[in-house]
Amino acid sequence: MTDMSSEETEGETELFGDWLRVQMAEQKMSIQELADKTKISYPGIWNIYKGNTRYPRESTRKKISEALNQKVPEIIEKQIETEAQVSGHEWTDFSPYDLETIPEAGGVYAFYDITGRPVYVGKSRTNVRRRVKDHQTRFWFKAPLVERGSFLAIEDPNLCNTIEMILIKFMGTHALMNSKGVVRDVED
């Protein structure tokens, strides 16, 4: 007799990256081949494949789905939609090296190193993609120090400032780039 409840539970916790690995294995497709087909950067695909990017943007999921010629299971889409919400604000993971994976909205963002440790917290009142593009010119913006990013969409500029400062103070010296005395760029 099959225990349906355990099978259903496993399906409910499947992540987009799990689904992607299975699809790529079935189609014998490499990360580079998928990156080429989707025009998403290799690090962007790699982070999704490894599970570092748990909540890729809808446009990213669509590009991957089309390239694999496979529909993302509804349960995974619903899971991303549910888990990517924080008190009514959308949470998105992105590849800091692929601007197309980064939202064009205001909010708070963080960069993580290769170990998953947050190394930078920032904000953009209007367009985080433009802000990250500015970071890409910095000497420290290189792997393995910056491997992936996350973004929380926040429309209220005061709330955005408050959350950024709370996160910086909460992380303290663990956020390598957010230390006391750092001169901030002009905010967009």
Side-chain angles (χ1 to χ4, degrees), residues 4-122 124 127-129 131-133 136 143-154 167:
M4 295 300 286
S5 62
S6 67
E7 289 176 7
E8 291 169 2
T9 303
E10 287 176 23
E12 291 174 2
T13 60
E14 183 177 21
L15 301 173
F16 185 78
D18 298 331
W19 172 82
L20 177 62
R21 282 190 300 279
V22 168
Q23 296 305 313
M24 289 175 65
E26 286 178 1
Q27 296 184 32
K28 296 179 177 42
M29 186 179 293
S30 70
I31 292 173
Q32 186 62 59
E33 289 169 331
L34 185 57
D36 292 343
K37 281 182 96 169
T38 60
K39 305 293 188 241
I40 297 171
S41 68
Y42 184 97
I45 298 294
W46 184 86
N47 277 319
I48 295 168
Y49 183 88
K50 290 294 189 179
N52 296 333
T53 299
R54 294 174 57 106
Y55 313 116
R57 292 177 55 208
E58 183 178 353
S59 61
T60 301
R61 296 190 312 267
K62 183 178 179 187
K63 287 178 185 179
I64 291 171
S65 174
E66 289 173 357
L68 294 169
N69 200 27
Q70 293 292 323
K71 188 176 188 302
V72 177
E74 190 66 31
I75 193 163
I76 293 175
E77 290 287 1
K78 286 185 186 291
Q79 180 183 3
I80 291 172
E81 184 180 314
T82 302
E83 291 183 12
Q85 294 293 316
V86 179
S87 297
H89 300 282
E90 183 182 351
W91 184 264
T92 305
D93 293 326
F94 62 87
S95 170
Y97 303 102
D98 187 348
L99 293 176
E100 292 300 312
T101 66
I102 304 170
E104 292 184 289
V108 176
Y109 60 95
F111 295 135
Y112 301 89
D113 70 9
I114 196 167
T115 67
R117 180 177 63 167
V119 294
Y120 185 89
V121 172
S124 175
N127 188 331
V128 74
R129 183 181 296 180
R131 188 74 183 106
V132 172
K133 185 176 180 180
Q136 290 176 336
L145 183 60
V146 176
E147 282 291 327
R148 64 181 185 88
S150 290
F151 170 73
L152 181 63
I154 302 171
L167 288 173

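Only this structure's heavy atoms are used, side chains among them; waters, hydrogens and symmetry mates stay out. One-based numbering along the sequence shown.
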J.: For the residue pair Ser150 and Trp91, what are the closest heavy atoms and their distance?
T.: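 Reported closest heavy-atom pair: CB-CZ2, 3.2 Å.
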J.: Where is the tightest heavy-atom contact between Ile154 and His89, given as atom of each residue plus distance?
T.: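 In this case the closest contact between Ile154 and His89 is CA-ND1, 4.0 Å.
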J.: Mind running side chain to side chain contact (heavy atoms under 4.5 Å, CB included) on Asn47 and Asp93 for me, showing each step along the way?
T.: CA-CA 9 Å; Asn47 277 319; Asp93 293 326; over 6 Å; no
J.: Between Pro56 and Arg61, which heavy-atom pair has the shortest distance, and what is it?
T.: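 For Pro56 versus Arg61, the nearest heavy atoms are O-NH1, 2.6 Å.
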J.: Is the backbone N or O of Gly107 less than 3.5 Å from a side-chain atom of Ser124, with the two atoms forming a donor-acceptor pair by type?
T.: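 Between the backbone of Gly107 and the side chain of Ser124 there is no qualifying donor-acceptor contact (under 3.5 Å).
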J.: Work out which heavy atom in Ile31 is nearest to a heavy atom in Trp46; give both atom names and the distance.
T.: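 Closest approach of Ile31 to Trp46: CD1-CD1, 3.7 Å.
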J.: Test Tyr97 against Gln136 for side chain to side chain donor-acceptor pair (under 3.5 Å), laying out the working first.
T.: CA-CA 8 Å; Tyr97 303 102; Gln136 290 176 336; over 6 Å; no
J.: So Asn52 and Glu147, side chain to side chain contact (heavy atoms under 4.5 Å, CB included) or not? Walk me through it.
T.: CA-CA 9 Å; Asn52 296 333; Glu147 282 291 327; over 6 Å; no
J.: Just by modelled atom types, is the Leu68 backbone N or O under 3.5 Å from a matching donor or acceptor in the Gln27 side chain?
T.: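 Yes, Gln27 side chain to Leu68 backbone: donor-acceptor pair under 3.5 Å.
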J.: Under 4.5 Å between any side-chain heavy atoms of Lys62 and Arg57, yes or no?
T.: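 A side-chain contact is absent here, since even the closest heavy-atom pair is not under 4.5 Å.
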J.: For Ser95, does its backbone N or O pair with a side-chain atom of Thr101 as donor and acceptor, under 3.5 Å?
T.: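 Such a contact is found between Thr101 side chain and Ser95 backbone.
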J.: Is there a donor-acceptor contact under 3.5 Å linking the side chains of Gln32 and Tyr42?
T.: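 The criterion, which ignores hydrogens and geometry beyond distance, is not satisfied for Tyr42 and Gln32.
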J.: Return the CD to NZ distance between Glu77 and Lys71, rounded to the nearest 0.5 Å.
T.: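 Output value for this atom pair is 7.0 Å.
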J.: Any donor-acceptor pair under 3.5 Å linking the side chain of Arg129 with the backbone of Pro103?
T.: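 No, because the side chain of Arg129 does not come within donor-acceptor range (under 3.5 Å) of the backbone of Pro103.
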J.: Which residue pairs pass the ring-ring contact (aromatic ring centres under 6.0 Å, His included) test when at least one of the two sits in residues 17-36, sequence neighbours left out?
T.: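 Every ring-ring contact (aromatic ring centres under 6.0 Å, His included) pair that includes a residue of residues 17-36, provided the two are not neighbours, is Phe16-Trp19.
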J.: Report the distance from atom OG1 of Thr38 to atom CD1 of Ile45, rounding to the nearest 0.5 Å.
T.: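 Reported value, rounded in 0.5 Å steps: 4.0 Å.
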J.: Are any side-chain N or O atoms of Asn69 and backbone N or O atoms of Glu66, one a donor and one an acceptor, separated by less than 3.5 Å?
T.: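 Looks like no, no N/O pair under 3.5 Å.
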J.: Heavy atoms, side chains only, cut-off 4.5 Å: are Leu152 and Glu90 in contact?
T.: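 No - every pair of side-chain heavy atoms lies 4.5 Å or more apart.
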J.: Under the rule for side-chain hydrogen bond (donor to acceptor under 3.5 Å, both in side chains), what residues qualify as partners of Glu104, not counting sequence neighbours?
T.: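 Once residues adjacent in sequence are excluded, Glu104 has no partner under the side-chain hydrogen bond (donor to acceptor under 3.5 Å, both in side chains) criterion.
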J.: At their closest point, which heavy atom of Val146 faces which heavy atom of Pro96, and how far apart are they?
T.: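 So the minimum-distance heavy-atom pair works out to CG1-CG, 3.7 Å.
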J.: Is the gap between the ring centers of Tyr120 and Phe111 under 6.0 Å?
T.: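 Under 6.0 Å, so yes.
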J.: Is it true that a side-chain atom of Arg117 and a backbone atom of Tyr112 form a donor plus acceptor pair closer than 3.5 Å?
T.: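 Not confirmed, Arg117 side chain does not pair with Tyr112 backbone.
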J.: So, for Leu34 and Ala67, which heavy atoms are closest and what is the spacing to 0.1 Å?
T.: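 Smallest interatomic distance, heavy atoms only, reads CD1-CB, 3.7 Å.
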J.: Determine, stepwise, if the pair Arg54 / Glu83 fulfils side chain to side chain contact (heavy atoms under 4.5 Å, CB included).
T.: CA-CA 9 Å; Arg54 294 174 57 106; Glu83 291 183 12; 3.8 Å; yes
J.: Between the side chain of Arg21 and the main-chain N/O of Tyr49, is any donor-acceptor distance below 3.5 Å?
T.: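 Indeed, once roles are kept as given, a pair shorter than 3.5 Å links the two residues.
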